[in-house]
Structure formats: C-alpha cells, structure tokens
Amino acid sequence: MSYEPTRADFAQPVRIDLYSDTHTRPSRAMKEAMMAAEMGDEQGGSDPTVWALCDMAAALLGKEAAVFMPSGTMCNQVAVATHCRPGDEILAHEDAHIQASEAGGPGAISGVMIRGLQGPRGVFSAETLQAAIRPVNRYSPPQTLVEVEQTANKGGGACWKVSELKSVADVAHAHGMRVHMDGARVLNAAVKLGVAARDVVADCDTVWLDFTKGLGAPLGAVLAGSKDFIGAAWQWKQRLGGSMRQGGMNAAACIYALQHNVDRLADDHANAASLARGMAQIEGITVETPETNLVFFDTKAAGLTAAEFAARLRPHGVTISVSDTYRGRACTHLDVDAGMIEEAVAIMRSVTAR
Ligand SMILES: *Cc1c(COP(=O)(O)O)cnc(C)c1O
C-alpha cells in the first residue's frame with residue numbers, strides 16, 4: 001500500500017497553501033485561548049470547556065445535545081454506527097466523503113452498505129432518492145439512513161439549498177429513515193446562503209461540523225442530535241477510542257473559532273471567486289464556478305494532468321490538491337489573502353505557458 005505523502009514532499013517551503021482548508025495554523029490569539037482554558041476529564045464528563053463548546057454547538061445547530069469528537073471522520077462513523085444495524089443500507093451521493101474517503105469505515109465498523117446516488121454538484125434530488133427506495137420485504141436490506149454533505153466537497157463546495165434538503169428529508173422521513181448531515185463545511189453554506197445554521201440543518205436528525213476546515217482550529221468536530229442519540233453516540237465514541245482527557249484545551253480553540261472565524265468565511269468565498277476568475281483567464285484551464293471556498297478546475301486543455309500541474313506549482317511554493325486525472329482543487333482559507341491569490345494566479349499562468 002502506498003503511504004504518501006513523505007517528508008521529502010515538505011522539504012521546500014509552502015508559501016501559498018491552496019491544498020486544503022485543513023492546513024490552517026492556529027493563530028496566536030487562538031493559542032492564547034487554549035492556554036487559558038479550564039480543563040477536566042472529558043471522558044468522565046468533568047471538563048467545563050468541553051461542556052461549554054457542546055452547549056454552544058447544540059444551540060448553534062438547534063439540536064438538543066452535542067458531543068465533542070477528535071475528527072469529522074469519527075463523527076460520521078459514530079453517527080452511522082448509532083443510526084444503523086449490520087445489513088442496513090445507507091443512501092448517499094456517490095461522491096460522498098463517507099463513501100470515498102473514510103477507508104471503508106461504514107462497512108468495516110458498522111457492517112452497512114452504501115447505495116450511491118447521482119446528481120449534479122454532489123446534490124441529489126428527492127425524485128432520485130424516491131427512485132432508490134426499496135420495497136420492504138424479506139429480500140431488501142433495511143434502508144435506515146440518508147446522508148447529505150453540506151457543502152458537497154467533490155461537488156465543488158456546492159451548497160444544498162434549504163428547500164432541496166427539506167424535500168429530500170421529507171421523502172426519507174416518509175419511509176421511516178433518518179437524515180444525517182456531514183456538515184464538515186456547514187457554516188460555509190450558512191454564510192453563503194445567508195441562512196442561520198440551525199435553519200440550514202433543521203430537517204436533519206443529526207449533523208456535525210468540523211473545526212479544522214475554514215474555522216481554523218487544530219483539532220475537533222462536534223456531532224449534534226437528540227439527547228437519546230447523543231447518549232448512544234457516546235458509547236460508540238468510547239468504543240472507538242474517541243474519548244478524551246483534558247479536551248478543554250482543544251475545545252477552547254473551537255470556541256474561539258466559533259466566536260471569531262465564522263463571519264469571515266465570506267472572505268474565503270470572495271477569494272475563491274477571484275481565484276476562479278483569474279484561473280479562467282489562463283489558457284488551457286477550465287474552471288468550475290465556485291459557490292464557497294473550493295475551486296475545482298480541469299487541466300486537460302493545457303496538456304497537463306492535474307498532478308503535473310501541481311508538481312509545476314510546487315517549486316514556486318504553491319500547493320493545490322489533485323482530485324482526478326485532469327481535475328484539481330484549490331482551496332481558500334484564513335491563511336490565504338487576496339494578494340496571495342493574485343500571486344498564485346500569476347504563477348499558474350507562468351507554469352502553463354508553452
Ligand atoms: C474533511 C471532511 C471530512 C472529514 O473530516 P476530518 O475532520 O478531516 O476527519 C468529512 N466530510 C467532508 C465533506 C470533509 O470535507
């Protein structure tokens with residue numbers, strides 16, 4: 001099995017990191033909030049800062065309760081394990097993170113199957129969901145969960161509109177299924193749509209949000225839902241080794257992020273729009289119009305694979321990520337400013353020139 005990347009890949013300094021919004025470094029002010037955090041034993045329920053974060057997150061998302069997790073991946077895996085039994089079928093977009101990027105966790109941990117649904121921008125319609133509903137009989141796998149991703153990562157950072165979520169959730173609930181939202185970037189969607197986060201997620205039974213994407217914290221995610229659901233989720237968190245000790249140190253960074261780094265996500269969206277405009281001017285690069293902070297593009301007409309394009313940028317201190325043979329992704333976040341965007345576009349132009 002290949003086990004990339006290696007240390008050698010990081011030997012050259014990165015100046016303009018468009019690889020991922022997970023690459024943000026905690027600011028000095030965020031670290032000071034961490035230093036000042038009151039702490040206890042998270043696993044035992046005595047860490048006051050973790051409690052404060054869970055209360056804030058539950059209120060923000062309009063759910064009864066929340067639990068702090070080490071990662072978004074664990075939120076998804078714990079949610080699947082809590083919602084489903086072995087043999088169940090989950091309905092999710094075929095490009096969903098839960099399907100493509102979690103090392104087969106739903107099968108390995110929960111014994112469930114995922115049926116991939118199609119739809120543009122990583123979003124599927126209520127009609128597509130309806131058409132995938134199986135008859136309830138002794139042959140069919142029980143269909144217990146519908147999963148949606150907000151924003152849809154491989155869909156280009158696209159937002160599910162509230163009306164799209166509602167119509168999908170109505171079909172799911174009419175068939176006795178629950179709806180789980182992978183809300184890794186749900187606050188990007190809330191800012192973009194101009195809708196309160198609790199209203200964006202109102203039709204979802206469970207939802208989590210990530211603090212390590214555009215919010216800029218070093219670690220952590222929160223999973224929210226009903227009191228009963230979170231109680232059951234806690235057992236899976238314990239089982240998978242996700243319970244923490246002095247979690248307050250990290251929870252303090254997440255609280256800081258909620259207080260200071262949400263509204264500014266609009267800056268990332270503006271920077272992504274300007275990056276997309278600049279890249280669209282480069283001969284051979286075709287850009288998908290971004291909705292939030294992810295800019296996907298195609299390098300084929302430049303006579304380069306996305307990996308070759310990335311390799312040419314790297315010596316100039318610019319990184320992007322490769323999504324497919326000719327599809328690449330550039331991502332804006334709080335460590336990228338407008339000047340860096342301009343410079344990155346100029347470098348991209350120079351490395352594609354023949
Ligand atoms: C990053 C991401 C995850 C996983 O979150 P981690 O905190 O990195 O484990 C899940 N879903 C989507 C859509 C993501 O972008």
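All figures in this text were calculated on a predicted structure; none of them were measured in a lab. Note that ligands are numbered from 1 as they come in the structure, with each ligand's atoms numbered from 1 the same way.
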[atom]: nearest protein contact (heavy atom, Å):
atom                    : answer
atom 1 (C) of ligand 1  : Lys213 NZ, 1.4 Å
atom 11 (N) of ligand 1 : Asp182 OD2, 2.5 Å
atom 9 (O) of ligand 1  : Thr73 OG1, 2.6 Å

*Assess whether atom CD of Gln118 is packed by more than 12 heavy atoms of other residues, nucleotides or ligands within 6.0 Å.*
no
*Flag if over 12 foreign heavy atoms under 6.0 Å of CZ, Arg312*: no
*Say whether Phe211 and ligand 1 are in contact under the criterion: heavy-atom distance to a ligand atom below 4.0 Å.*
no
*Yes or no on side chain to side chain contact (heavy atoms under 4.5 Å, CB included) for His180 and Asn76, after CA distance, side-chain angles and deciding distance?*
CA-CA 9 Å; His180 171 68; Asn76 271 340; 3.0 Å; yes
Show which atoms of ligand 1 fall inside a sub-4.0 Å distance from at least one heavy-atom site of [X].
X      : result
Ser71  : 7 (O), 9 (O)
Trp208 : 3 (C), 5 (O), 10 (C), 11 (N)
Glu149 : 13 (C)

_Spacing of Cys331 atom SG and Asn271 atom CG [to the nearest 0.5 Å]_ = 11.0 Å
*Interatomic spacing from CD1 in Ile282 to OG1 in Thr299 - rounded to 0.5 Å*: 11.5 Å
*Walk me through it: do Leu187 and Leu258 pass the test side chain to side chain contact (heavy atoms under 4.5 Å, CB included)?*
CA-CA 10 Å; Leu187 297 183; Leu258 286 180; 4.0 Å; yes
_Can you tell me which portion of Arg185 lies within the under-4.0 Å heavy-atom range of ligand 1? Options are side chain, backbone, both, or neither._
side chain
*Please state which part of Asp210 comes within less than 4.0 Å of ligand 1, counting heavy atoms only: side chain, backbone, both or neither.*
side chain
*Nitrogen or oxygen atoms of Asn153 and ligand 1 under 3.5 Å apart*: yes
*Is Gly72 in polar range of ligand 1, meaning some N or O pair under 3.5 Å apart?*
yes
*asked:* Could you tell me if His333 and Asn293 have a donor-acceptor pair between their side chains, going purely by distance under 3.5 Å?
replied: no
*Would you confirm whether the ring centroid of Trp51 sits within less than 6.0 angstrom of the ring centroid of Phe68?*
no
